[in-house]
Protein chains: 2
Amino acid sequence: MDKVDAKILSALQDDARMTVAELSERVALTSSPCWRRVKALEETGVIRGYHAELDPRRLGYDVTAFVNVMLENHRADLGDSFEIAVQGIPQVVACHNVSGRYDFMLEVVAPDLEAFGEFARNVLRTLPGVKEIYSSFSLKSIKRTRSIPIPPA
Amino acid sequence: MDKVDAKILSALQDDARMTVAELSERVALTSSPCWRRVKALEETGVIRGYHAELDPRRLGYDVTAFVNVMLENHRADLGDSFEIAVQGIPQVVACHNVSGRYDFMLEVVAPDLEAFGEFARNVLRTLPGVKEIYSSFSLKSIKRTRSIPIPPA
DNA sequence: GGTGAAAGCGAGGACCA
DNA sequence: TGGTCCTCGCTTTCACC
C-alpha cells in the first residue's frame, strides 16, 4: 500500500469501470504493473468487489428507513438467528449490530410509507426475538457516497 | 424496464466489471442490444455509477459509527450550511436528513475509538448549528450489500 | 426492439531489467 | 518492483431485419 495503490483505489472507488489503460495513465505507470497492482488489491481483499450504484427512486423505492431494533434478551443464539434472518431479506440493504439503546440498526428500502408499514409489521416485527423497533425515515439524502477516504500513505 | 433490464441491473449491481459479452449471455441476448440497454440505463440515470467496494479495515478504519445530530433550530439556512459542511468531510461516508428525535444521521469511519472521539469533538461538534450528538458504534456488520432489490417487472 | 460483422482496443500473460 | 511486446477476446459501432 503506497501512494500509487492509494491513487488506484481512489480512482476505482470513483469509477469501477475505468480501464487499466486509463488507470495506468492516471497513476503514471504502464499498464502491466498497474494491472498487477489492481489484481493484488483484489486478491488481498482490499478491493472487495465492484458494484453498480442504482437509483432507488427510479426503481420505485421512494422510502429509505433506518430501523432500530431491540431484542428481548441478549442470548447469543437469539442474536444469531436474527442476523441470519435479516441477511435473507432483500429489502434490508444494510444491517449493523450496534452499541447503545438498540441492538441492531437496519437500513430498509420500500416503495412508499404504506408498504414500509406493512413490511415493518409483517416482516420485521415477526423476526426472532424482536422486542421493540424504532424507525426513522430519510427525508433527504445529503451524502450517499460510500466512499472511504484513502489514507495518503 | 422489463425483465431483461432487471436481470442486467441485478448482474451489474453484483459485479460491475462483468463484460457485456458475459452479461448478454446471461440475459440471452447478443451483445449489441445488451450494450444498448446498459447505455440506456446509464443515460436515464437508473445506473448512477460503478464503484469499487473497499474493505475499511484493511485501510485502517476499524471504527464505523452512526452519529445522530440535532440542530439548534430548524431555520432552513442552518440546515443548508450543515449539509454543505458535511459533504466536504471525507470521513462522513453517508448522511441523511431524518425524521424523529434527531435531524441528521451520519455514518462515519475512523481508525479507532480515540480518533473518532477527537473527530466528534473537533469536527462534528463544531459544525454550524449543532446542538447535540448521539453516537452509536457498529459492533458487527451483519449486512453491507447496498444492493437494492430489483422489482421483477 | 433484434442480429451479425468488422475495427480497434484493452486484458492479461511471458519475459526482461 | 517496473517496462515491453504480443495475442486473444471483448467493446463498440456499423448496416440491416
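All values below come from the heavy atoms of this structure, side chains included, with hydrogens, waters and symmetry mates left out. Below, chain A is the first sequence line, B the second, and so on; all start at residue 1.
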Among C:dG4, C:dG10, D:dC5, which nucleotide sits nearest the side chain of A:A21?
C:dG10

Could you tell me the separation between the NZ atom of B:K3 and the C1' atom of C:dG1, rounded to a whole number of Å?
18 Å

Between A:A28 and A:R17, which residue's closest nucleotide on DNA chain D lies nearer the 5′ terminus?
A:A28

How long is the line joining CG of B:L29 and P of D:dT11, in whole Å?
14 Å

Min side-chain heavy-atom separation B:R37-B:D2 under 4.5 Å:
yes

Using OP1 and OP2 only, check whether a side-chain N or O of B:T19 sits under 4.0 Å from D:dC10.
no

Counting only side-chain heavy atoms from C-beta out, which of D:dG2, C:dG2, C:dA14 sits nearest to A:S32?
C:dA14

I need the CD-P distance between A:E22 and C:dA11, as an integer number of Å.
10 Å

If you check every side-chain atom of B:R36, which of D:dA15, D:dG2, C:dG12 has the closest atom?
D:dA15

Whole-Å gap separating P (C:dA11) and CE (B:M18):
17 Å

Between A:D55 and A:R57, is there a side-chain N and carboxylate O pair less than 4.0 Å apart?
no

Do any N or O atoms from the side chain of A:N97 and from the backbone of A:D103 form a donor-acceptor pair under 3.5 angstrom?
yes

Starting from P on D:dG3, measure out to CZ on A:R37 and report it in whole angstrom.
10 Å

Euclidean distance, atom CG of residue B:L23 to atom P of D:dC10 [Å, nearest integer]:
13 Å

A:W35 side chain near C:dA11 phosphate (N/O to OP1/OP2, under 4.0 Å):
no

Distance flag, aromatic centroids of A:F66 and B:F66, threshold under 6.0 Å
no

Any carboxylate oxygen within less than 4.0 angstrom of a Lys/Arg side-chain nitrogen, looking at A:E118 and A:R121?
no

Just the rounded figure in Å: distance from P of D:dT11 to OH of B:Y50.
12 Å

Could you state the atom-to-atom distance from CD of B:E25 to C1' of D:dT11 in whole Å?
16 Å

